[in-house]
Amino acid sequence: MLFRKMDHLVGLDIGSSFIKVAEIGTSKKGNILKNFGVAQVSPGTIVEGRVADMDGLANTIRTLFKTHKIKEKNVAISTGGHSVVIKTINTAKVPENELQATIYSEAEQYIPYDIDDVNIDYQILGESDFSPDQMNVLLVAVKKDLVAEYIDLITLAGLTPKIIDVDTFALQNIYETLPGGDPEQVILLVDVGASKTSLNILKGAISLMMRDNVSGTNQILDELSDTVGISIEAAQNMLLGGKASQKEATALAEISRNTANAWCSEICDVVHTFQSSSNELKVEKIILSGGGGYVEGLSQNLQSELDIEVVAINPFDGLILDAKKFPASFVAKAGLQAPIALGLALRRVDDK
Ligand SMILES: Nc1ncnc2c1ncn2[C@@H]1O[C@H](COP(=O)(O)OP(=O)(O)OP(=O)(O)O)[C@@H](O)[C@H]1O
Ligand SMILES: [Mg+2]
């Protein structure tokens with residue numbers, strides 16, 4: 001058999017402007033990309049991470065699966081933004097049977113929500129640098145009502161949610177499959193989406209700093225729509241390369257340039273904060289993803305401000321691709337928007 005099915009999941013990245021779906025099979029030679037597709041989401045369908053139009057969105061997902069002839073029903077999805085809190089905390093080492101109670105009682109002070117309103121997950125990262133009696137724990141809290149909303153959505157689309165991951169972790173998951181990574185190098189993964197940006201500074205597989213903010217291409221769409229008096233849909237079409245008058249094209253170029261400058265300052269602030277708080281460690285490379293990575297100026301500005309290498313992610317680099325089904329033009333077009341769905345598609349049912 002070509003693909004070992006068993007625990008195989010479909011990765012579904014429900015972005016607020018584009019849904020991405022990915023299916024990856026395994027073979028003796030490695031992971032094979034079986035399917036990849038995107039569908040545009042109408043403005044107002046997902047607002048501040050919450051689903052405002054359940055039926056519309058479920059329909060979009062159903063159509064996306066149909067178009068790409070995806071039969072598998074078990075999916076891995078992810079959440080991010082406002083309703084997810086990720087923190088590395090420091091706590092006393094305790095015996096295994098006391099771990100959960102200790103972490104839950106510690107968690108309260110780090111989470112801006114009532115502890116009863118969140119699902120908590122954690123991972124022990126290792127001994128603290130400061131004391132052998134202490135350990136570092138990665139704490140993840142997601143609002144229960146958000147999880148329930150996404151489970152309802154997936155169920156309404158006729159699918160079964162098997163894993164609910166976090167966007168940043170799914171991105172890190174695909175990054176770790178890419179060839180040529182240097183485990184000693186400190187790198188920054190930046191995903192600029194429509195409604196949010198997530199930053200993750202990594203050394204090898206260890207995350208040293210994570211930050212989320214609300215910057216994204218919606219800022220460009222809002223301003224373009226106000227400045228030239230067009231709808232958000234029309235602004236989105238223009239940003240995606242659709243027709244524009246001379247006046248609209250000039251406005252789009254200027255707004256994009258200013259927005260990319262603002263993103264660049266925010267990202268540089270995070271890099272500087274990290275570097276001033278960590279002895280000797282320096283971010284050596286930035287890997288860009290998300291549709292915001294296409295906005296002209298972002299990559300060049302970062303490169304010249306920080307004087308480090310900035311590259312666009314090629315999330316397909318660690319996968320086997322059939323060149324007939326997925327030609328180079330596909331890789332170039334889908335690359336920036338694909339990584340989270342691919343990282344999710346690599347999850348297995350028994351993953352935590
Ligand atoms: N080729 C392109 N040129 C310019 N902008 C683009 C291009 N492709 C996509 N974008 C813009 O990037 C935006 C963000 O894409 P992405 O798929 O990363 O967002 P998302 O995952 O839906 O958002 P979020 O994660 O914030 O919910 C799109 O809404 C679009 O405006
Ligand atoms: Mg996204």
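In each ligand, atom 1 is the first atom listed, and ligand 1 is the first ligand listed.
The closest donor-acceptor contact from the side chain of Ser276 to the backbone of Thr273 lies under 3.5 Å. Thr45 places no side-chain N or O within donor-acceptor distance of the main-chain N or O of Val41, the cut-off being under 3.5 Å. Judged by distance alone, the side chain of Thr197 and the main-chain N or O of Gly193 form no donor-acceptor pair under 3.5 Å. Using modelled atom types, one side-chain atom of Gln275 and one backbone atom of Val283 make a donor-acceptor pair closer than 3.5 Å.
Annotation: ligand 1 has protein neighbours Gly15, Ser16, Ser17, Phe18, Lys20, Val192, Gly193, Ala194, Ser195, Lys196, Thr217, Gln236, Leu239, Leu240, Gly290, Gly291, Gly292, Tyr294, Gln337, each with a heavy atom less than 4.0 angstrom from the ligand.
Inter-residue side-chain proximity for Leu199 and Asp212 is flagged as unmet; no heavy-atom pair is nearer than 4.5 Å.
Residues passing the side chain to side chain donor-acceptor pair (under 3.5 Å) test with Ser207, sequence neighbours excluded: Asn200.
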